[in-house]
Structures are given as C-alpha cells and as structure tokens.
Amino acid sequence: MANAGLQLLGFILAFLGWIGAIVSTALPQWKIYSYAGDNIVTAQAIYEGLWMSCVSQSTGQIQCKVFDSLLNLPSTLQATRALMVIGILLGLIAIFVATMGMKCMKCMEDDEVQKMRMAVIGGVIFLIAGLAVLIATAWYGNRIVQDFYNPMTPVNARYEFGQALFTGWAAASLCLLGGALLCCSCPQKTASYPTPRPYPKPTPSSGKDYV
C-alpha cells in the first residue's frame, strides 16, 4: 500500500507540473520591463512572452501584439518555444503511459510486473519532459541576465524575470520530482532458485533377506 501511495503521489505531482508547463507557455510574462536605474516608473507595464508582447495600462487595459515573423525571432526564443512544446507533448504521452501502470487502475491486472514497468516508463518520460522545460526556462532566464548586465544594452531596453518564468521552474521541478517517485515503483527482482529434485522413494521391505 505504501508503494501504491508513493506512486499516486508521484503521478499527481508530475501531472501538476505538466499543467504548470502549459500555463507557463501560454503566459506572456516571461520577461518584464525593468525600472532599475534611471528609468522613470510610468503608469504602464511592458512584458514579453514566447508568443506576444503586451503593454498593461494602470486603468486595466491590456494591449498585446503577436510576433509576426517566425524567422525574424531570436534563436533563444525559437529554441525555448520548441523545448516547451516538446516538454508538453512528452508530458501528455507520459500521462497515458503512467496511467496504465497505476495500481489503482484496472488495466493490465493479469501482469503485475508489466504493469509496474509501464509506470516506470511513464516516470522516465516525465523526467525527460521536466528536463526539457528546465532547460528552456533556464536558457531563457540566462539570456535575460546577460542582456541586463550587458553594457551595450540600452537602459530603457532591459528586462527582468517574469511570473511565467518562475511558473516554468516550478513546473519543471514538479515533473522531475513526480517522475522520480514513479521510477521508484520499479519491480524488484526476485531471486530464482532451481527447482528441487524429488528424491526417489525407498522401496518397501518384503521381510526376506537374500544372501
């Protein structure tokens, strides 16, 4: 029962991480305009995401512009998009695979070892998905830091980490933790011993001794 509870906990954490990866990919607040230095704090907030850039007014009005050209985008943004989409697709596959290996499910009940292997495979796919999301968010965040401290970057063109980036880091952590817990349900190898040979039964004595 403890192993089943650990397996269920890992699946829930990985599933929440997958949801977080979707939310992080859709949010436009990957980097937010920085008001550090001599920048004047205005009544509007400027932020960019993977798919659009937005301006939020103090009145609550938000104007967004979708990035038009795919080829004109920076290579970091294109790679981040690809890694996030790959992580989401791998997470979807891992959900279906791990669901078949869950002990609380009815499928594949006749083969317990194969059922546990499916859960482990789902956990491995969750680990790969979490790594893809982690690499994407870390790469994007590293680019923000480089541009921020680059002396060639204008002061009015510097950005800081946005909420979507923190959401992506949390999602990657949940996917990695949940996948690791699912991998802990790996079936243990039982020691196999050779089948004992039956000893020949002694023949009953007839009561007569022959010399």
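Both Leu176 and Met84 belong to a common hydrophobic cluster when Ile, Leu, Val, Met, Phe, Trp and Tyr are linked at side-chain heavy-atom distances under 4.5 angstrom. Linking Ile, Leu, Val, Met, Phe, Trp and Tyr residues whenever their side-chain heavy atoms come within less than 4.5 Å places Leu182 and Leu8 in a single cluster. Hydrophobic clustering (side-chain heavy atoms under 4.5 Å, transitive across Ile, Leu, Val, Met, Phe, Trp, Tyr) keeps Ile128 apart from Ile135. Cluster annotation: Phe96 and Leu181 are assigned to the same hydrophobic cluster (Ile/Leu/Val/Met/Phe/Trp/Tyr, side-chain heavy-atom contacts under 4.5 Å, transitive). Residues Trp139 and Phe148 are members of separate hydrophobic clusters, defined by side-chain heavy-atom contacts under 4.5 angstrom among Ile, Leu, Val, Met, Phe, Trp and Tyr.
Annotation: side chain of Ser56 is in contact with side chain of Tyr47 (closest heavy-atom distance under 4.5 Å). For the pair Ile46 and Ile32, the minimum side-chain heavy-atom distance is 4.5 Å or more.
The heavy-atom pair separating Ala172 from Val133 by the smallest distance is CB-CG1, 4.0 Å. Minimum heavy-atom separation, Leu127 to Ala180: CD2-N, 3.7 Å. Minimum interatomic distance between Ala129 and Gly87 (heavy atoms only, all atoms of both residues): CB-O, 3.4 Å. A pairwise comparison of heavy atoms in Val97 and Gly122 identifies CG1-N, 3.7 Å as the closest pair. Closest approach of Cys175 and Gly17 over heavy atoms only: SG-C, 3.5 Å. The two atoms that bring Phe126 and Ala98 nearest to each other are CE1-CB, 4.4 Å, heavy atoms only.
Applying the disulfide (SG to SG under 2.5 Å) test to every pair with at least one member in residues 46-76, sequence neighbours left out, gives these pairs: Cys54-Cys64.
Expressed to the nearest 0.5 Å, how far CD of Gln7 lies from CE of Met116 amounts to 7.0 Å. Note that CD of Glu48 and NZ of Lys65 are 10.5 Å apart. Values are rounded to the nearest 0.5 Å. Considering CG of Leu6 and SG of Cys184, their distance stands at 6.0 Å, rounded to 0.5 Å. For the atom pair CG (Leu90) and CD1 (Ile95), the distance works out to 11.5 Å, reported to the nearest 0.5 Å. Between the OG1 atom of Thr76 and the CZ atom of Arg143 there is a distance of 5.0 Å, given to the nearest 0.5 Å. Residue Cys183 holds its SG atom at 10.0 Å from CD1 of Ile125, rounded to the nearest 0.5 Å.
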| said: Assess the residue pair Ile62 and Val55 against the criterion (side chain to side chain contact (heavy atoms under 4.5 Å, CB included)); give the C-alpha distance rounded to whole Å, side-chain angles, the decisive distance to 0.1 Å, and a yes or no. | reply: CA-CA 6 Å; Ile62 301 176; Val55 176; over 6 Å; no
| task | Please report the C-alpha distance between Leu89 and Ile93 in whole Å, then the side-chain angles of each, then the deciding distance to 0.1 Å, and finally whether the side chain to side chain contact (heavy atoms under 4.5 Å, CB included) criterion is met. | result | CA-CA 6 Å; Leu89 292 178; Ile93 297 173; 5.5 Å; no
| query | Between Trp51 and Phe67, does a ring pair (Phe, Tyr, Trp, His ring centres under 6.0 Å) hold up when you go through it step by step? | reply | CA-CA 6 Å; Trp51 315 98; Phe67 296 138; 8.9 Å; no
| query | Can you check side chain to side chain contact (heavy atoms under 4.5 Å, CB included) on Tyr33 and Glu160, steps first, answer last? | reply | CA-CA 6 Å; Tyr33 181 74; Glu160 296 181 356; over 6 Å; no
| field | Verdict with reasoning, Gln61 to Gln63, per side chain to side chain contact (heavy atoms under 4.5 Å, CB included) | value | CA-CA 7 Å; Gln61 183 181 6; Gln63 296 178 344; 3.5 Å; yes
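Annotation for Arg81: atom CZ counts as buried by contact number, over 12 foreign heavy atoms lying within 6.0 Å.
Checking Tyr159, Phe161, Tyr140 one by one against Trp30, the side chain to side chain contact (heavy atoms under 4.5 Å, CB included) holds for a single residue, Tyr140.
Thr137 is linked by a side chain to side chain donor-acceptor pair (under 3.5 Å) to Trp169, counting only residues two or more places apart in sequence or in another chain.
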